[in-house]
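Notes follow once the structure below has been shown.
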Number of protein chains: 2
Amino acid sequence: MPYDPSAFPPFAVTVDLVVLTVRRHALCALAVRRGESPFQGRWALPGGFVRADEDLSQAAARELAEETGLRAHEPDAPAQEGGAHLEQLATYGDPKRDPRMRVVSVAHLALAPDLPAPRAGGDASNARWAPVEELLTQGGYGRDGESVAPLAFDHAQILSDGVERARSKIEYSSLATAFCPPEFTVGELRRVYEAVWGVALDPRNFHRKVTGTPGFLVPTGGTTTRQGGRPAQLFRAGGATLLNPPMLRPEV
Amino acid sequence: MPYDPSAFPPFAVTVDLVVLTVRRHALCALAVRRGESPFQGRWALPGGFVRADEDLSQAAARELAEETGLRAHEPDAPAQEGGAHLEQLATYGDPKRDPRMRVVSVAHLALAPDLPAPRAGGDASNARWAPVEELLTQGGYGRDGESVAPLAFDHAQILSDGVERARSKIEYSSLATAFCPPEFTVGELRRVYEAVWGVALDPRNFHRKVTGTPGFLVPTGGTTTRQGGRPAQLFRAGGATLLNPPMLRPEV
DNA sequence: GATCATAGTCGTCTGCCTGACGATAAACAC
DNA sequence: GTGTTTATCGTCAGGCAGACGACTATGATC
């Protein structure tokens, strides 16, 4: 393999982002509307070129900040206030994935708490949170009657991979707290699991599991009734990032 | 994000391979000696440029075949005869990871049964199977007195990530069978786990676990005494790719 | 203010799985 | 044959998860 600088084909390298959040009890992803050809007018994942002096994770963090205003955390740290979890997902490099030129995209996965509103360079109409189920359903119409064409490029595949990563990773890590505000209740955390997995969990067994795992949750002392009902204890994410034994995803 | 073809910096894209196998009860990786600067004479992971018309997985499979003669399997299929498991690992793109130019490397992980001998374009002296522990130990000397400089580039990091992926993935998948020949005994499979994890497992509990998991192992009817002792049943890998509940890695 | 609906929290019980480990079986080396 | 090695079956206790009962503390409704 001679390393002749004139002997390698040039590639464009981009980062694409799967930004997930939980809104109204549904797992949602950030989508932006393409302003130009190809796939003009279609929804796509946010992303952009990696700059010449930039690491891949830096580029992903920059794109995330541009699209959402969120700051990214280190991959292994538990979610802290106001930031999002960010990790590399996978790389997509089919020669035909972009009809114009050879583009290799390093997809990243970001998990964020529910945010007020998306922003795409200040233009709100070109960015939205959409339920992943809707984005992954080819054709048809969304809740608000908007036509739902398949995502541009291979972004449906990327989104699907990102969702699957999130679904499996909350089993054995404390990553689900990345979807929660800095302080949250056990019930709110349970609703995150329910939204991401699309199943109903037993509140009593879930409570026993998460409060019984050392280092997972630390009580802040406060309580809240923002979900109605009896006041619930508030917790922050503890230092533990790995859940052992894992939280079991119910069978289908 | 305007897609102006003149507005993106050009990258070189390579694939690097973490090829793992189990030899003499130790987890080993394939290393090749670099013939040119930088890092001339140092050991590195096999790899090479992605060609202009080639998918990433195709490039990885091609490099794997060139270095080992192994054919790659589909990522989700269980290991069949004579081939290796191949999956994408992660992508490394630090601007300074190659001192000459901007190179983004899409690392892949390959798991192979024990092979007769490595071949690097027919030149055996420039390729070897080395225990991963040895390759990841900076400085010092290997078993045969050979000096062990750290791997070239960021390949120590890549190898470390690949080993960790393999260690965790055999917990919840049938991937360990990729290290075995087409037909193998329970004891041989157990020795794979022991080598990859670096721990001793109870033969009786291991036997109960793997034979009790439906679809994991299917008996071929034959037996062998190639490990000495009482004849052992021969198995092939069953259709199940996921182990549920997982095989638990003992605490340290 | 009594009643109801909603959530949260604590327990109990049963079954499954794992780790620890005893016992037996079937080959080979001497 | 005796000893060694490896394979395989069984037993038992502890831990954890699923199913579910019971009680608590709020706000909403009449």
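Below, chain A is the first sequence line, B the second, and so on; all start at residue 1. Side chains included, hydrogens not; waters and symmetry mates left out as well; all remaining heavy atoms used.
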Is it true that the side chains of Tyr92(A) and Asp161(A) contain a donor and an acceptor less than 3.5 Å apart?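 Yes.
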
Under 3.5 Å, is there a donor-acceptor pair linking the side chains of Glu87(A) and His85(A)?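 Glu87(A) vs His85(A): donor-acceptor pair found between side chains.
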
Without decimals, in angstroms, what is the distance between Arg249(B) CZ and dC17(C) P? 22 Å

Nearest whole Å is fine: how far is dG8(C) P from Leu201(A) CG?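 My rounded result for the distance is 13 Å.
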
Less than 4.5 Å apart, any side-chain heavy atom of [X] and any of [Y]?
{"X": "Asn205(A)", "Y": "Leu201(A)", "result": "no"}
{"X": "Thr220(A)", "Y": "Phe235(A)", "result": "no"}
{"X": "Thr21(B)", "Y": "Leu111(B)", "result": "no"}
{"X": "Ile170(B)", "Y": "Met247(B)", "result": "no"}
{"X": "Pro131(B)", "Y": "Arg24(B)", "result": "no"}
{"X": "Pro203(B)", "Y": "Arg190(B)", "result": "yes"}

From dT6(D), dC17(C), dG19(C), pick the nucleotide closest to the side chain of Arg191(B)? dT6(D)

Of all the choices, dT26(D), dA7(D), dT9(C), which nucleotide is nearest to the side chain of Val186(A) once you look at every atom? dT9(C)

If you take any heavy atom closer than 4.0 Å to DNA chain D, which residues from residues 205-227 of chain A end up in contact? Asn205(A), Arg208(A), Lys209(A)

Stretch residues 166-173 of chain A: residues that reach within less than 4.0 Å of DNA chain D through a heavy atom: none

Starting from the 5' end of DNA chain C, give me the residue, Asp202(A) or Gly229(A), whose nearest nucleotide shows up first. Gly229(A)

Taking everything shown except Glu133(A) itself, do over 12 heavy atoms lie less than 6.0 Å from its CD?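 Not buried by this count: 12 neighbours or fewer within 6.0 Å.
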
Using a strict cut-off of less than 4.0 Å between a Lys/Arg side-chain nitrogen and an Asp/Glu carboxylate oxygen, indicate whether Arg128(A) and Glu134(A) qualify as a salt bridge. yes

Under 3.5 Å donor-acceptor pair, Arg230(B) side-chain atoms to dA27(C) base atoms: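 Result: no qualifying N/O pair found.
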
Can you check whether any acceptor in the base of dG21(D) is under 3.5 Å from a donor in the side chain of Arg204(A), or vice versa? yes

Which angle, to the nearest 10 degrees, lies between the helix axes at the two ends of the helix from dG1(C)-dC30(D) to dC30(C)-dG1(D), each defined by five pairs?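 Taking five pairs per end, the axes differ by 10°.
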
Taking the six-membered ring where the residue is Trp, are the ring centres of Tyr193(A) and Phe206(A) under 6.0 Å apart?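 Ring-ring flag for Tyr193(A)/Phe206(A): true, centres closer than 6.0 Å.
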
